[in-house]
> 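Right, I'll just put the structure down here and ask away after.
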Amino acid sequence: MAHRALVIALLPAIGLRVLAVLGFPPALLFYGDSFAFLREELTPGTARPSGYSLLLALLRPAHSLTLVTVLQHLLGLALAIGVYALLRRRGLPGWGATLLVTPLLYDEFLILLEHMIMADAVFVALVTAAVVLVVWRVTPATAATAGLLLGLAGITRTVGLPLLLLTAAYLLVRRYGWRPLVALIVAGAIPLGAYATWTKAEKGKFALTEADGNFLWSRTMSFADCAVIDPPERLAVLCPDMPVEQRPYPPHWLWEDFSPLLKVPGTANRNQLAGEFARQAILAQPVDYLAAVATDLRQLLRWERTAVDEKTPYKLPAAERPISASVRGIAEAYEAGPAATRVVEPYAGWLRAYQRFGYVPFPLLMVALVAAFGLMVWRRCWDALLPALVALALVVSPPFLAAFDVRYVVPAIPLIFLALGLTLARRAPEPAAEEESPLLSRAG
């Protein structure tokens, strides 16, 4: 059987996802974010776009968080099969393509995100599917589909917006012709424009969120010194009042009671002032800003995802987590019954044990990404450029715009191994019809 290696690899991967469904019903809930997504009232999100909320609303009539997680697990498996199919199409043997999708099938954090009521699993699927389509074969139809997927990714997580622009730049640099480029941009603009128009109608501002300035301001709390920045009086309220060495990690400045951000009235006004303060802080202290980013990026050299004694929401629970009374009704209305995560042994214990070792350490992941770039240049395999660049953007951008978080790195895993696989492939892609014209021939 041509795909025997993949079938053999899929069976344990399916088993791990079955353990998640049996061991942690109905789903894993993340702080306040999950409950914001589950609200029955559909409105454009303030801190995050509401694309995932729209998906949950479509599934609401089933009143089943288990259905949501099962569909997300299936998306994860389908993603691995899609990457495998592309690598086989490019000439990799079955065992080689299977080896390269093994991290997609077995990484404990991808399984965790699939079982969590969060936008990440859907975002990973949308972005990777779009990249696979573009690399598979560039035509106006595939470019339009990829653009639509990236547009949907942009209303799922805002980092999807620059990924659409990055893909457009890739098509332009590779000289695939104007038809695929226009198709990509127009299709991507449809969900983004519709969502921004919805935000305009609801909140009076044409935007995806009202928190980009807040997140950038929280980034500057790692180093901001108002004696150096000398902000105008209207921004001085946002100055931190504790020494740099005592300041908590940037995300805490968004939500905690001590944050001066909470002193600024009005959501839109707060976001605007925070953005202005952040830009002034970065211009006044560029070296300190880059040092803060570099400190965050050093987390990529850490071998363990999470230490044994580390408190983190990314560990599978050993006991039921009660839901706060303020949001319990939201989850229970969606589930039409009790919605707290239950812990069912022995399945939960087996998956917790697997979580301690079932992942690719970040240093090895970064080695794979560097190897993909190196082999791409050496072998002139420019099709690997798009997945490699998208992966790099996903890994590097959060420390510049907000802060490092393990959850923000994991979406790059499928793209890194896709890029690496393409650089090892033997077969060049089939030319699209548009590429047959010498005027539209690809560079390289």
Side-chain angles (χ1 to χ4, degrees), residues 31-33 44-49 154 157-163 165-166 196 199 203-302 392-409 412:
Y31 288 152
D33 296 34
T46 299
R48 62 192 66 80
R157 279 188 55 199
T158 50
V159 73
L161 178 57
L163 299 184
L165 300 177
L166 187 61
T199 303
K203 300 185 176 183
K205 185 178 180 181
F206 195 77
L208 296 182
T209 68
E210 294 179 284
D212 55 325
N214 296 346
F215 280 99
L216 189 59
W217 172 84
S218 72
R219 165 74 283 174
T220 67
M221 291 300 97
S222 301
F223 62 86
D225 182 350
C226 282
V228 177
I229 302 167
D230 190 24
E233 184 177 352
R234 63 192 182 87
L235 298 180
V237 67
L238 292 172
C239 289
D241 58 0
M242 62 179 73
V244 171
E245 61 274 9
Q246 297 178 13
R247 295 179 192 174
Y249 202 53
H252 292 280
W253 292 88
L254 294 169
W255 325 113
E256 301 291 349
D257 293 340
F258 61 76
S259 175
L261 193 66
L262 303 180
K263 300 176 183 178
V264 181
T267 300
N269 182 51
R270 181 184 305 140
N271 186 56
Q272 180 180 342
L273 294 182
E276 290 183 32
F277 181 100
R279 288 186 287 274
Q280 289 194 20
I282 292 169
L283 290 174
Q285 299 177 261
V287 175
D288 295 325
Y289 170 60
L290 293 176
V293 171
T295 298
D296 274 14
L297 289 176
R298 279 201 292 271
Q299 294 288 328
L300 295 171
L301 302 178
R302 174 178 172 173
L392 183 64
L394 288 171
V395 170
V396 171
S397 59
F400 280 92
L401 302 176
F404 175 87
D405 191 294
V406 175
R407 183 164 57 91
Y408 298 154
V409 178

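Just so you know, these numbers come straight off a predicted model, no measurement behind them.
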> I need the E276 CD to L216 CG distance, nearest 0.5 Å.
12.0 Å
> Find out whether E256 and P248 are in side-chain contact, i.e. whether some heavy atom of one side chain is under 4.5 Å from a heavy atom of the other.
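The answer is no; the side chains never approach within 4.5 Å.
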> Less than 4.5 Å apart, any side-chain heavy atom of S259 and any of L254?
no
> Could you grab the distance from atom CZ of R270 to atom CG of L262, nearest 0.5 Å is fine?
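Separation between the atoms: 6.5 Å.
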> Using the rule given for side-chain contact (heavy atoms from CB on, under 4.5 Å), can you reason through F223 versus V287, listing the C-alpha separation, both sets of side-chain angles and the distance that settles it, and then say yes or no?
CA-CA 10 Å; F223 62 86; V287 175; over 6 Å; no
> So, are K205 and E210 salt-bridged, with charged N and O less than 4.0 Å apart?
no
> Taking it one step at a time, do W217 and L273 satisfy side-chain contact (heavy atoms from CB on, under 4.5 Å)?
CA-CA 9 Å; W217 172 84; L273 294 182; over 6 Å; no
> Run the numbers on L401 and R219 for side-chain contact (heavy atoms from CB on, under 4.5 Å), then give the verdict.
CA-CA 7 Å; L401 302 176; R219 165 74 283 174; over 6 Å; no
> Would you name the heavy atoms of A224 and I229 that are closest together and state the gap between them?
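Closest heavy-atom pair between A224 and I229: CB-CD1, 3.9 Å.
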> For E245, does the CD atom sit with more than 12 other heavy atoms under 6.0 Å from it, leaving out its own atoms?
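Yes, the 6.0 Å shell around CD holds more than 12 heavy atoms from other groups.
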> Could you report the tightest heavy-atom contact between D296 and A403, atom names first, then the distance?
OD2-CA, 3.5 Å
> Report yes if some heavy atom in the side chain of L208 is under 4.5 Å from a heavy atom in the side chain of T199; otherwise report no.
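Contact flag for L208/T199 side chains = no.
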> In Å, rounded to the nearest 0.5 Å, how long is the span from CZ of F404 to CZ of R302?
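Result: 8.5 Å between the selected atoms.
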> What is the minimum heavy-atom distance between C226 and P231, and which atoms define it?
O-CD, 3.7 Å
> Between F215 and P250, is any pair of side-chain heavy atoms under 4.5 Å apart?
no
> What is the minimum heavy-atom distance between R407 and D405, and which atoms define it?
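Nearest pair, atom of R407 first, then D405: N-OD1, 2.8 Å.
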> Once you round to the nearest 0.5 Å, how far does CG of D230 lie from CG of D225?
11.0 Å
> Show the nearest heavy-atom pair for residues F400 and Y289, with the distance to one decimal.
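Scanning both residues completely, I find the closest heavy atoms to be O-OH, 2.8 Å.
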> Checking N214 against L261 for the side-chain contact (heavy atoms from CB on, under 4.5 Å) test, could you report, in this order, the C-alpha distance in whole Å, the side-chain angles of both residues, the deciding distance, and whether it holds?
CA-CA 8 Å; N214 296 346; L261 193 66; 3.9 Å; yes
> Do N271 and T209 come within less than 4.5 Å of each other through their side chains, counting heavy atoms only?
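With C-beta onward as the side chain, the pair stays apart.
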> Report yes if the side chains of V395 and L300 come closer than 4.5 Å at any heavy-atom pair, otherwise no.
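In short, these two side chains touch, coming nearer than 4.5 Å.
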> How far does CH2 of W253 sit from CZ of R247, to the nearest 0.5 angstrom?
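Result: 6.0 Å between the selected atoms.
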> CZ of F258: more than 12 outside heavy atoms within 6.0 angstrom?
yes
> So which heavy atom on A274 is nearest to which on G213, and how close?
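Scanning both residues, the minimum pair turns out to be CB-O, 3.6 Å.
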